[in-house]
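Chain identifiers are assigned alphabetically (A, B, ...) following the order of the sequence lines, protein sequences preceding nucleic acid strands; residue numbering begins at 1 within each chain.
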There are 2 protein chains.
Amino acid sequence: MSEKRLFHSVAEQISDLIDEGVFPLGTRLPGERELAERFGVSRVTIREAEIALQAVGKIQIKTGSGVYVSEELPKDPGQLPDVSAFELTEARSMIESEAAALAAKVISDEALDDLQELVSQMSAANDDAATSADHAFHMTIAKASGNKAIVHTIETLWRMREELPKVKKTYGSVCEEDAESRMREHQLILDALKAHNPDDARNAMRAHFFRLISAMLDATEQEALREVQQRASESRERFLTNANLG
Amino acid sequence: MSEKRLFHSVAEQISDLIDEGVFPLGTRLPGERELAERFGVSRVTIREAEIALQAVGKIQIKTGSGVYVSEELPKDPGQLPDVSAFELTEARSMIESEAAALAAKVISDEALDDLQELVSQMSAANDDAATSADHAFHMTIAKASGNKAIVHTIETLWRMREELPKVKKTYGSVCEEDAESRMREHQLILDALKAHNPDDARNAMRAHFFRLISAMLDATEQEALREVQQRASESRERFLTNANLG
DNA sequence: TTTGGTAATTTGGTCGACAAATGGAGTATT
DNA sequence: AATACTCCATTTGTCGACCAAATTACCAAA
């Protein structure tokens, strides 16, 4: 547990003191010499720790004045929030349905061909390959919307699906057994896109997520069920009605 | 242009050398003493620069062995894409309208009071304060949706509005002259939320962005107009129809 | 050929000193 | 009395020298 570098240990201790409120936000913390004496290290080490802390945005160093605790703790921009699989799917249903409607109007023939190929790949026995094709399918539609803000948003939502352990687990338990229905739904979405029909595309996408949430609500393991038990009643009603066909 | 801290300058130079390929990826770069001599600074400064570079993930320091250039350059997940103000507003219209519809069903009285207070603040002469209230207004609605994925998404979209120079400029040129209409639109949104009417809330939010896009299309300066001229015809038709009332 | 230890190299840390910048106290001026 | 200026104590910034710890390479002995 011991940090290899001394300043790492010092930086962690200072960071803890800030979190504990010993060094309140916005205040000036003791000078290098006092901190050096308190931690039993040299001034250089203190400054190295402060540099590392500043790189994270936790403190601000003002030459000749002192170092100050940042007002608001840095909300790491790349940090993903702790969302549940249900929240994520609700958001995806909202956003990707509209993205599909947008894409239906302007999607190119090349993109349509790519999507058809991806739907074929989803029937592959390999589960990873199917998930990969799923990812590519949704991202292709997002790109076809022609809106980079939407693309970035859907990319971030997909990162939540893949990088948040709980969400990944929930999705994994649902997807594996519904391979054929998933492929059929994607084909329906693709058909609507081929027809350049925005409303059909939106509804097909909503239906896709509707089934996904239904499957999640049914298939989620006991502990996950208990975890959302207090929210289950209103959640079920709410998510289903929201994701349902217009 | 000179960095306040010496190690900042050194870190930037080293970073540039890495990007230029002088220090190829994965290789070990010269020792502290040699770098110190080459840049004309002390070893401490070199170490501080390396610590800062390591905090960004660009290099890796191995005690007793040397410092090595990281294999793959870190793809900053918090990096914002280069979106236009029109794309951003289209995405916001899509997402925030649905968020408002969600919020209308479950928003609390406390949140409604906060929103009313924020609408009042928008009439303040101070333009910064009005923008700040605008931000708080939209984020309060996002939070009222009860979906952390949606909150995160709208937060990110707002970051684009404030951190992308072009977008910030376009928004700034539109907002300043439409203070009263902006306040009126926000009041309409709030009224729909108070009535707990999802459809009205969605339509009021869409109308808000509809006017915003209209104002942007009209008020954008000559050069910006020329910049999007080739896309203007289809853009105008497309954005207006998409953002228009259902 | 393998193994073990030793030496050279490199980073890690400390100390003392001095330079530069900041902020406030004190003073002079109006 | 209010204001502007100067001076100085405090704090961070940088440096060089010295020693410690870790890694690596080399070389000799079994």
Next on the checklist: Side-chain N or O of A:Thr63 versus OP1/OP2 of C:dA20: is the shortest distance under 4.0 Å?
Outcome noted: no
Next on the checklist: Counting only side-chain nitrogens and oxygens, does A:Ser42 get under 4.0 Å of the OP1 or OP2 atom of C:dT14?
Outcome noted: yes
Checklist entry - What integer distance in Å separates B:Glu34:CD from C:dT9:P? => result 13 Å
Item to check | Length of the CZ-P vector between A:Arg43 and D:dG16, whole Å | outcome: 16 Å
Checklist entry - Does any donor atom in the side chain of A:Glu117 or A:Gln121 lie under 3.5 Å from an acceptor atom in the other side chain? => result yes
Checklist entry - Within this structure, what is the CD-to-P distance between A:Glu48 and D:dG13, rounded to whole angstrom? => result 13 Å
Checklist entry - What is the distance from CD1 of B:Ile61 to P of C:dG13, rounded to the nearest Å? => result 10 Å
Item to check | Interatomic distance where CZ belongs to B:Arg28 and P belongs to C:dT10 [whole Å] | outcome: 6 Å
Next on the checklist: Taking A:Ser84's backbone N and O only, do any of them form a donor-acceptor pair with A:Glu87's side chain (distance below 3.5 Å, no angle check)?
Outcome noted: yes
Checklist outcome for this item: To the nearest angstrom, the CD-P distance between B:Glu37 and C:dT10 comes to 13 Å
Next on the checklist: Determine whether B:Arg206 and B:Glu98 satisfy the following criterion, salt bridge (Lys or Arg N to Asp or Glu O under 4.0 Å), listing intermediate values before the conclusion.
Outcome noted: CA-CA 9 Å; B:Arg206 280 189 188 167; B:Glu98 296 300 320; 3.7 Å; yes
Next on the checklist: Assess, by modelled atom type and distance only, whether the side chains of B:Glu185 and B:Ser181 contain a donor and an acceptor separated by less than 3.5 Å.
Outcome noted: no
Checklist outcome for this item: From NZ of B:Lys62 across to P of D:dT24 the rounded distance in Å is 8 Å
Next on the checklist: With nearest nucleotide decided by heavy atoms, which residue, A:Thr45 or A:Tyr68, maps closer to the 5′ end of DNA chain C?
Outcome noted: A:Thr45
Checklist outcome for this item: Looking only at C:dG12, D:dG13, C:dT14, the nucleotide nearest the A:Glu32 side chain is D:dG13
Item to check | For atom CG of B:Leu6 and atom C1' of C:dA19, their distance in whole Å | outcome: 12 Å
